[in-house]
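For reference, the structure discussed in these notes is given below.
Below, read A as the first sequence line, B as the second, and so on, with proteins coming before strands; counting in each chain starts at 1. All values reported here derive from a predicted model rather than from experimental measurement.
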Amino acid sequence: MHNIKDLRKNLETYKKKFKDRNIDFNSNNFNKIDKINRELIAKKEKLENEKKSLSKKKDKLNFDKSKDISNEIEKILESQKKTQKELNSIIEVLPNIPHQDVPVGKSEKENKLIKKVGTIKSFNFTTKSHVELGVKNNNIDFETATKLSGSRFVVLRDKFALLERALINFMLDIHVNQFKYTEISPPLIVNEDVMYGTGQLPKFREDQFEIKFENSTQKKFLIPTAEVVLTNLVRKSNIDIKDLPQRFVASTPCFRKEAGSYGKDTKGMIRQHQFYKVELVSIVDPKNCILELDRMLSCAEEILIKLEIPYQVVLLSSGDMGFSAEKTFDIEAWIPSEKKYREISSCSSCGTFQGRRMGAKYKSQNGNEFVGTLNGSGLAVGRLMISLLENNQNEDGSISIPNNLKKYMNNLDKI
RNA sequence: GGAGAGGUGGCCGAGUGGUUGAAGGCGCACGCUUGGAAAGCGUGUAAACGGGAAACUGUUUCGAGGGUUCGAAUCCCUCUCUCUCCGCCA
């Protein structure tokens, strides 16, 4: 969410920045409605002032007049509410403004490669995809999952289920012990305003799983990422600046409808309706956002380094970034079966965009300011598993366990 | 699910129709005092939105929304959340 005063003042700059994000912002329309809205407010307040002074006199002779004013106010208020609503619906779907570091571009084609890390293994046999590696003992079982839940779900069995759990614990331990994130076990179902706070609503409602509670008028949602709950931990609060930064990590299932991605990544575990993800969130003094983003990125990278999985880091262009982000790094892990890098983490600074939506502030000398927020996967468990399985496969179809992971895998060398 | 109690400022807490944005306290900030600190004393201390270059100023806000009234923190309705007791239950 943007500061409306700032938006009003720098309308054309904003318009240009939105264009970099492929958003056509109708600034004339905004201007028009904003103006009407403010006029109505001014008119209303003038009448309210009149009414107030009449009421203070407690003079019976003025009661009728006061009543008239009340009626007039009510009329104005009604149309003011309408324009306010209209104005809000324009503003709340406007994405964040790209940071100056972000390359301008229409799509992922303009993303900037930052670095490649690790060496891609050359196999002296024909490699298998994770699906082929998993179907062997039914350890990756899509058939049963389809019976239970439909497409884009999976059942993991035996050592593969263990591997998933091992990866989660491995990552959590690193982020908690080495990088001092606070571990959180959050709810997976949240209220509508929480989804609004991080920017999933109102624009991306069709991507969310909505839940209906009996006898409740309130809408609830399954979280599409732990970013939603972790970031909103500070919603509507006023934090002392000395208590910043705050860093949270959680492993949670994530639920996504994947609407609009029919036919995309249909084979395998790349794109599921439900998957585990270890998520990192930082709440910071806004001026430290970009610095914190670098730190967060290196926390996520550490996982791949320790597991010896080759990866590359990409700085997203303005056209490829998510709604709330001002700057985003993607980490992409090497997937041998596809002979390409695939996104395994996305680390974003959101500036004060979410802080403003959530009403999360901190106390500083200049008064109360909105906090900066960052989120990043550290990492997506399903995709990490895919890349680990494929990169560490042996000719016989077994998978070697990386040294650093062994203690989480009951000291197995291979599975 | 049944019965009850309650949501007031950063926090605690008074307040049942009329200068109440809201007593009192805690906390915080500044000043005085002190060799220094503590205590003490004094002063100040909400946010959002509108207008203004600024000083400043207007309006709103006592869980949320609606209603009654010339006037609502205070009365009525709906919703929501928290707490206590009972029931059920992982």
Q) Does OP1 or OP2 of B:A46 have a side-chain N or O of A:K361 closer than 4.0 Å? A) no

Q. For A:F248, which residues count as a ring pair (Phe, Tyr, Trp, His ring centres under 6.0 Å) partner, sequence neighbours excluded?
A. none

Q. With sequence neighbours excluded, what pairs up with A:F370 under the ring pair (Phe, Tyr, Trp, His ring centres under 6.0 Å) test?
A. none

Q. Got a minute to check which stems RNA chain B is part of, using Watson-Crick or G-U wobble pairs under 3.5 Å, three or more consecutive?
A. B:1-7 with B:80-86, B:10-12 with B:24-26, B:27-32 with B:40-45, B:46-51 with B:56-61, B:63-67 with B:75-79

Q.
If I pick the P atom on B:A64 and the same atom on B:C11, what distance separates them, to the nearest angstrom?
A. 14 Å

Q.
Quick one, A:E210 with A:R205, criterion side-chain contact (heavy atoms from CB on, under 4.5 Å). Give me CA distance, side-chain angles, the key distance, then yes/no.
A. CA-CA 9 Å; A:E210 196 175 319; A:R205 186 172 287 268; 3.9 Å; yes

Q. What nucleic acid atoms does A:K43 come within less than 4.0 Å of, heavy atoms only: base, sugar-phosphate, or nothing?
A. nothing

Q. Side-chain N or O of A:K81 less than 4.0 angstrom from OP1 or OP2 on B:G66?
A. yes

**Q.** First of A:K51 and A:E74 reached from the 5' end of RNA chain B, by closest nucleotide
**A.** A:E74

Q.
For nucleotides 50-63 of chain B, give me one character per nucleotide, 5' to 3': B if any protein heavy atom sits under 4.0 Å from the base, S if the only such contacts are to the sugar-phosphate, - if neither.
A. SS------BBS---

Q) What is the distance, rounded to the nearest whole Å, between atom CG of A:L87 and atom P of B:A48? A) 18 Å

**Q.** Distance-only polar pair, side chains of A:Q200 and A:Q208, donor-acceptor under 3.5 Å
**A.** no

Q. Parallel, tilted or perpendicular for A:F353 and A:F323, by the 30°/60° rule?
A. perpendicular

**Q.** Sequence-distant partners of A:Y196, ring pair (Phe, Tyr, Trp, His ring centres under 6.0 Å), two or more places apart
**A.** none

Q. On a whole-Å scale, what distance lies between the P atoms belonging to B:G25 and B:U84?
A. 31 Å

Q: Under the side-chain contact (heavy atoms from CB on, under 4.5 Å) rule, collect the residues that match up with A:R165, sequence neighbours excluded.
A: A:L162, A:N169

